[in-house]
Structure formats: C-alpha cells, structure tokens
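Have a look at the structure that comes next, please.
The figures here come from the full heavy-atom set of this structure, side chains too, leaving out hydrogens, waters and symmetry mates.
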Amino acid sequence: MNFSSKITDWYKLNKRDLPWRNNPEPYKIWLSEIILQQTRVAQGLPYYEKFFAAYPNVKSFANAQISDILLLWQGLGYYSRGRNMHFAANQVMTEFKGIFPNNFKDLKKLKGVGEYTAAAIASIACNESVAVVDGNVYRVLARYFNEAIPIDSTEGKKIFSELANELVPKINPGDHNQGMMELGALICTPKKPDCINCPINSSCQSAFSASVELLPVKSKKVKVKERKFNYFHLKFEDKIIIHKRHGKDIWEGLHQFPLVEGESQEIQNELKKLTGLNQEFGLTKGITLKHILTHQRIFADFFTVDLTTLKGLKSEFIVTTLEDLENFALPKLMVNYIESINKN
DNA sequence: AAGACGGGGCT
DNA sequence: AGCCCAGTCTT
C-alpha cells in the first residue's frame with residue numbers, strides 16, 4: 001500500500017468529528033482554517049460555532065460590523081485575522097460576485113489567505129490536488145524523511161513544500177491533507193509521539209528512535225520584549241472611561257482603559273495630558289497583573305481614580321459603565337482585571 | 001530574511 | 001520557563 005493510502009485509510013478510521021467536516025464548502029473551510037491558524041482545535045472550536053451561527057454565509061460576514069466581529073473574536077488572539085476576514089468577505093462580494101473562490105490561485109488573492117489556507121480550502125472543499133504544509137505536516141515529514149533542515153528557513157520551506165506536493169494524490173487530496181494534519185495532531189505529536197500506533201511507522205526514518213523528538217528543527221528564537229503599562233480605572237459616578245487602540249501594535253481595534261506606558265515619574269501630569277481632564281487626581285494603586293504574550297511580557301499596574309467632573313475629556317475617549325463593557329472587544333488583560341475586581 | 005502578532009495548554 | 005499550535009503580513 002502506498003504512502004497516501006495508508007494516511008487516508010488511517011484518517012477515515014480515526015478522524016475527529018468536527019463541524020466543518022460535514023458538507024465541506026469553501027466558506028466553512030475558510031472560516032475554520034483562519035480560526036485554527038496558530039490555534040489548537042480545542043481552543044478554536046467554540047469560536048467556529050459562534051461565528052458560523054452568527055454569520056452562516058460569506059454575505060452575512062461581509063455585511064457585519066468590524067466591531068461585532070472583533071467582539072466575537074475576543075479571547076482568541078491574533079486579531080488581524082478577524083479584520084482580514086472582514087476585508088476578504090467583502091473581496092468575495094465585490095471581486096468574485098458573491099461566489100466564494102474555488103481554486104488555489106483565486107483563494108490566494110483573499111486577504112489573510114496564504115499558501116497554507118489556500119491549499120486547505122482548495123483541497124478540502126474543491127478537490128484540487130495541492131498539498132497543505134502546516135506545523136503538523138512539517139513534523140510528520142521531517143520525521144518520516146529524517147530531514148533536519150530548519151523549517152523556518154526559506155530553503156526548508158521549499159524542501160518541505162516539494163516533499164508534501166510529491167505525496168498528495170490526485171484523488172481525494174482533501175482526505176490526504178487532513179490525514180497528514182490529523183496524524184501530526186494525534187499520533188506524531190511534538191513530545192512522546194505514539195509511534196507504535198502510527199500507520200506509517202514501518203517506513204518512517206526516525207520512528208521509535210531518539211532523534212524523533214529532535215525533529216523538526218527550528219533555527220529562530222523569539223525575542224521577548226518587556227513592557228510596563230499603567231492603566232487608569234477612572235470613575236465618575238457609575239461611569240468609566242475607555243478608548244479604542246489603534247496603530248501598529250498589539251490589540252489593534254480593541255478597547256482599554258486610558259494607558260500611560262513606561263516607568264513614568266509624572267503619572268498625574270501624564271494622565272492629564274492624555275485625557276484632557278484638568279483636576280487633581282486621587283490615585284489609588286490597585287492590582288498588578290503580569291500578561292504573557294509570545295513576544296512580550298507586560299507588567300500592568302492598575303490605578304483607580306475618583307473623578308469630580310468629566311469636563312475637558314478628549315473626544316477619543318468613550319464614557320461607559322463596567323456592566324456595558326461586554327459590548328466592547330477587550331484584550332484578555334482587561335478581561336482579567338475586570339474579573340479580578342468583580343471577585344473582590 | 002526577520003520581526004510582529006495572542007492566548008492557552010502541556011511538559 | 002520553554003515550546004507549540006490547521007500561519008500571514010509587514011518591514
């Protein structure tokens with residue numbers, strides 16, 4: 001039996017029952033694949049359910065407000081995915097007359113759809129014979145061929161893409177691709193792979209060996225930046241103040257308390273300058289939260305302030321209430337703070 | 001080619 | 001603490 005048959009047969013017997021796997025169509029696969037980028041199935045699954053219920057087709061997604069999309073996306077991370085999906089849905093409506101693209105070449109024109117996602121949609125929903133190469137596939141191939149070239153190098157990406165495309169069959173490419181990924185997720189795991197139950201262990205170059213956990217090889221190390229945030233929980237009667245983040249930084253489009261970044265000695269003045277409020281603030285130091293991101297470690301001090309007036313408040317700030325915050329997309333750090341004060 | 005972009009789970 | 005996850009875009 002050839003490689004692809006082993007993968008596909010194993011997949012049919014062992015695949016997980018996931019909602020986008022019955023009646024695959026481009027829109028559903030697109031939605032699931034974007035959500036699952038750099039995201040485990042267990043984490044992404046409830047988001048897929050929420051989004052598919054709210055937006056059952058590309059037209060409803062295109063007509064949605066970006067604020068509502070980000071609100072649904074809250075807590076999933078990499079929020080540019082949600083913004084790009086909104087843009088892409090409108091591309092489908094205008095550039096493709098409302099019909100979701102059904103081939104690799106056109107799919108790649110959509111914002112947020114790269115090599116991997118275009119191949120996934122094309123093969124799973126459109127039966128096009130093109131290989132997906134995600135983190136799972138890198139791992140399966142690196143081990144199967146005992147290939148130690150770094151997967152995050154330009155040459156490595158090329159090598160693994162060529163290997164993957166030599167293996168993908170003309171018939172049922174979607175089952176083959178999903179089988180490769182499912183194998184990586186369930187059997188050929190990063191730690192302690194289950195070689196004994198692997199359908200391709202007889203021809204795998206590193207099965208059962210000490211080298212298997214050393215593959216695949218990555219060359220780059222992530223650099224972690226430390227940041228200090230001073231957040232101000234401003235209170236006026238039952239009102240609080242937030243604003244929307246923008247610019248090239250984390251959490252673009254999400255809302256937060258007024259923020260002064262850095263180890264400021266002049267917090268009072270910084271806060272006046274930031275908000276336009278001109279009064280003496282009675283600052284009370286509240287809790288400190290540490291928030292870990294892939295590239296950043298954020299130490300956030302939260303201060304509470306009782307305001308005597310909102311006079312002078314700059315227009316970019318939104319006056320709302322703690323209860324009404326559920327209608328704004330918030331970074332997890334803000335959510336963690338709200339949870340912590342509600343407990344006490 | 002390198003850096004930026006979240007959050008969660010597992011070791 | 002470190003690594004990884006159905007990656008893509010920007011610089």
Original post:
Atom NZ of Lys332(A) and atom P of dG9(B): how far apart are they, to the nearest Å?
Top reply: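 The distance from NZ of Lys332(A) to P of dG9(B) comes to 10 Å, rounded to the nearest Å.
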Original post:
Nearest to the side chain of Asn136(A), which nucleotide is it out of dA6(C), dG6(B), dA2(B)?
Top reply: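 Of all the options, the side chain of Asn136(A) is nearest to dA6(C).
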**OP:** Report yes if a side-chain nitrogen or oxygen of Trp251(A) is closer than 4.0 Å to either non-bridging phosphate oxygen (OP1 or OP2) of dG7(B); otherwise report no.
**Re:**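 Yes, within the criterion.
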**OP:** Hey, which sits more toward the 5' end of DNA chain B by its nearest nucleotide, Lys221(A) or Gln43(A)?
**Re:**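 First, find each residue's nearest nucleotide; the 5'-ward one identifies Lys221(A).
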Original post:
Which is true for Gly75(A) with a 4.0 Å heavy-atom rule: it touches a base, it touches only sugar-phosphate, or it touches nothing?
Top reply: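 The answer is sugar-phosphate, as Gly75(A) gets under 4.0 Å only of primed atoms, P, OP1 or OP2.
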Subject >> Selection from dC5(C), dA6(C), dG6(B) that lies nearest to any side-chain heavy atom of Arg139(A) >> reply: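 Per side-chain heavy atoms of Arg139(A), the pick is dC5(C).
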Subject >> Salt-bridge present (Glu263(A), Lys228(A); N to O < 4.0 Å) >> reply: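 Salt bridge: yes.
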Original post:
Looking for any heavy atom pair under 4.0 Å, which part of the strands does Asp249(A) touch: base, sugar-phosphate only, or nothing?
Top reply: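 If one applies the 4.0 Å heavy-atom cut-off, Asp249(A) turns out to touch the sugar-phosphate alone, with no base involved.
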Original post:
Among dG7(C), dC5(B), dG7(B), which is the nearest nucleotide to the side chain of Gln296(A)?
Top reply: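 Nearest to the side-chain atoms of Gln296(A), counting from C-beta on, is dC5(B).
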**OP:** Scan Arg16(A) against the nucleic acid and name what it touches under 4.0 Å (heavy atoms): base, sugar-phosphate only, or nothing.
**Re:**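 It contacts base atoms.
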**OP:** Consider the side chain of Asn84(A), meaning its heavy atoms from C-beta on, and name the nucleotide among dC9(C), dA1(C), dG6(B) that approaches it most closely.
**Re:**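 Nearest to the side-chain atoms of Asn84(A), counting from C-beta on, is dC9(C).
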Subject >> Proximal nucleotide (of dG7(B), dC9(C), dA6(C)) relative to the Lys111(A) side chain >> reply: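 Shortest atom-to-atom distance from the side chain points to dC9(C).
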Subject >> 5' precedence on DNA chain C between Arg40(A) and Thr117(A) (nearest-nucleotide basis) >> reply: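 Nearest nucleotide further toward 5': that of Arg40(A).
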Original post:
dA6(C), dG6(B), dG7(C): which one has an atom nearest the side-chain heavy atoms of Gln37(A)?
Top reply: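 Of all the options, the side chain of Gln37(A) is nearest to dG7(C).
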Original post:
Considering only dA6(C), dA2(B), dC4(C), which nucleotide approaches the side chain of Pro190(A) most closely?
Top reply: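 For Pro190(A), the side-chain atoms sit closest to dC4(C).
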Original post:
Looking at the side chain of Leu36(A), which of dA6(C), dG6(B), dA2(B) is the nearest nucleotide?
Top reply: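 The listed nucleotide nearest to Leu36(A)'s side chain is dA6(C).
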Original post:
Which nucleotide, dG7(C), dC4(C), dG7(B), lies nearest any side-chain atom of Asp134(A)?
Top reply: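 Selected nucleotide: dG7(C).
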Subject >> Minimum-distance nucleotide (side-chain atoms of Leu18(A) versus dC5(B), dA6(C), dG6(B)) >> reply: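 Closest nucleotide among those given: dA6(C).
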